[in-house]
Peer 1: 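Sending over a structure as structure tokens; questions will come in a sec.
The structure presented is a predicted model; accordingly, all values stated were derived computationally and were not measured.
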Amino acid sequence: MGEVRLSKAAGNADTGLACLCLITRYHQLPADEQKLRHEFAPSGKAFDALTLIRAARSLGLRARQLHCRMQRLEKTPLPALAERHNGSFVVLARLGDGQVLLHDPREGRPRALPADEFAQDWSGRPILITRRTLAEELRRKFDIAWFIPAFARYRRIFAEVLLASFFIQLFALVTPLFFQVIVDKVLVHKGLTTLDVLAVGFLVIAVFDMLLGGLRTYLFSHTTNRVDVELGARLYRHLLALPINQVPPAERVVW
């Protein structure tokens with residue numbers, strides 16, 4: 001496991017923040033220690049359990065604290081953060097065969113302890129940290145499926161646009177029918193009264209067609225702009241979440 005520098009807070013090494021950085025590196029997510037400290041502990045205090053959970057969630061991780069015994073801990077997905085009685089934190093990497101593999105950032109390397117010895121030294125409140133589903137989705141191959149959730153969210157508005165387009169096309173078929181009636185009925189029989197009725201009906205349909213077309217254009221333009229903004233914001237967040245610096249092979253996290 002790569003070495004992680006400890007931040008000094010309140011006269012003691014901030015093991016909680018150092019352990020969180022180890023966990024993020026294990027999940028291949030970028031984490032800036034100074035940025036996290038500036039955002040969640042500007043007063044210089046060491047990270048407690050609640051602050052660690054908030055910081056982990058801000059990095060796109062799922063985090064929660066449990067109260068459990070060692071027997072239940074064996075069935076818990078690892079790695080996780082374990083708090084000791086003295087308030088320091090360690091990374092709990094593996095548990096089995098009566099042994100506990102943990103990483104104390106103050107020691108620099110993982111080490112194995114008997115499970116009984118570890119049970120006497122920890123608080124019984126592990127912090128479970130896993131990757132969010134959204135973060136995994138952002139790593140998928142870019143294809144048409146990337147756009148489907150955004151369009152599905154506004155499927156009702158798109159359905160209304162399609163319905164308006166159907167009626168607009170239907171009104172377009174009415175125009176030649178009007179002229180056919182004028183030629184067959186008005187010109188042949190000189191029915192001026194019929195011409196007045198047809199003219200009023202044609203005017204009403206023309207106004208309604210114009211209003212419906214304007215409404216369709218507004219709905220379609222407004223909705224596509226919202227979809228474009230959401231997809232752009234999602235892409236921007238994905239780009240910001242990409243690691244800036246490549247971790248050297250000698251410092252890769254290996255449990």
Peer 1: For residues 61-93, which residue pairs pass the ring-ring contact (aromatic ring centres under 6.0 Å, His included) check, not counting sequence neighbours?
Peer 2: none
Peer 1: What do the steps show when you test Ile129 against Leu52 for side-chain contact (heavy atoms from CB on, under 4.5 Å), and what is the final call?
Peer 2: CA-CA 10 Å; Ile129 299 178; Leu52 288 173; over 6 Å; no
Peer 1: Apply side-chain contact (heavy atoms from CB on, under 4.5 Å) to Phe220 and Ser165, showing your working.
Peer 2: CA-CA 11 Å; Phe220 187 74; Ser165 299; over 6 Å; no
Peer 1: Out of curiosity, Gln99 CD to Arg111 CZ, how far, rounded to the nearest 0.5 Å?
Peer 2: 11.5 Å
Peer 1: Which heavy-atom pair separates Ala63 from Ile53 by the least distance, and what is that distance?
Peer 2: O-CG2, 3.6 Å
Peer 1: Do you reckon Val229 sits in the same ILVMFWY cluster as Tyr154, going by side-chain contacts under 4.5 Å, direct or chained?
Peer 2: no
Peer 1: Evaluate whether atom CG of Asn225 has more than 12 neighbouring non-hydrogen atoms of other residues, nucleotides or ligands under 6.0 angstrom away.
Peer 2: yes
Peer 1: Rounded to the nearest 0.5 Å, what's the gap from CG on Asp48 to CZ on Arg54? Could you check?
Peer 2: 9.0 Å
Peer 1: Does anything in residues 197-212 form a salt bridge (Lys or Arg N to Asp or Glu O under 4.0 Å)? List the pairs, not counting sequence neighbours.
Peer 2: none
Peer 1: Search all heavy atoms of Ala112 against all heavy atoms of Leu101 and return the closest pair with its distance.
Peer 2: N-CD1, 4.2 Å
Peer 1: Could you check whether atom CZ of Arg84 has more than 12 heavy atoms from other residues, nucleotides or ligands sitting under 6.0 Å from it?
Peer 2: yes
Peer 1: Out of curiosity, does Met210 fall in the hydrophobic cluster containing Leu203 (side-chain heavy atoms, cut-off under 4.5 Å, transitive links)?
Peer 2: no
Peer 1: List the atom of Arg155, the atom of Ala152, and the distance in Å for their closest heavy-atom pair.
Peer 2: NH1-O, 2.7 Å
Peer 1: Between Arg37 and Lys45, is there a donor-acceptor pair closer than 3.5 Å when you use the side chain of the first and the backbone of the second?
Peer 2: yes
Peer 1: Grab the two heavy atoms, one from Leu95 and one from Leu78, that are nearest each other, plus how far apart they are.
Peer 2: N-CD1, 3.8 Å
Peer 1: How far apart are the C-alpha atoms of Val91 and Leu81, what are their side-chain angles, what is the distance that settles it, and do they pass the side-chain contact (heavy atoms from CB on, under 4.5 Å) test?
Peer 2: CA-CA 5 Å; Val91 177; Leu81 299 182; 4.0 Å; yes
Peer 1: Quick check: is Trp122 connected to Leu113 through a chain of hydrophobic side chains (ILVMFWY, heavy atoms under 4.5 Å apart)?
Peer 2: yes
Peer 1: Given the rule that I, L, V, M, F, W and Y join up when any side-chain heavy atoms are under 4.5 Å apart, are Leu170 and Phe208 in one cluster?
Peer 2: yes
Peer 1: Using links of under 4.5 Å between side-chain heavy atoms of ILVMFWY residues, direct or through other members, which residues join Leu66 in one cluster?
Peer 2: Leu128
Peer 1: Passes side-chain contact (heavy atoms from CB on, under 4.5 Å), Thr223 versus Glu160? Steps please.
Peer 2: CA-CA 11 Å; Thr223 305; Glu160 294 176 354; over 6 Å; no
Peer 1: Of the non-hydrogen atoms in Ser88 and Thr15, which two are nearest, and what is the gap between them?
Peer 2: CA-OG1, 3.4 Å
Peer 1: If I compare all heavy atoms of Gln65 with all of Ala49, which pair ends up nearest, and what's the gap?
Peer 2: NE2-CB, 3.6 Å
Peer 1: May I ask whether Leu211 and Leu215 are part of the same hydrophobic cluster, defined by side-chain heavy atoms of I, L, V, M, F, W, Y residues being less than 4.5 angstrom apart, directly or through others?
Peer 2: no
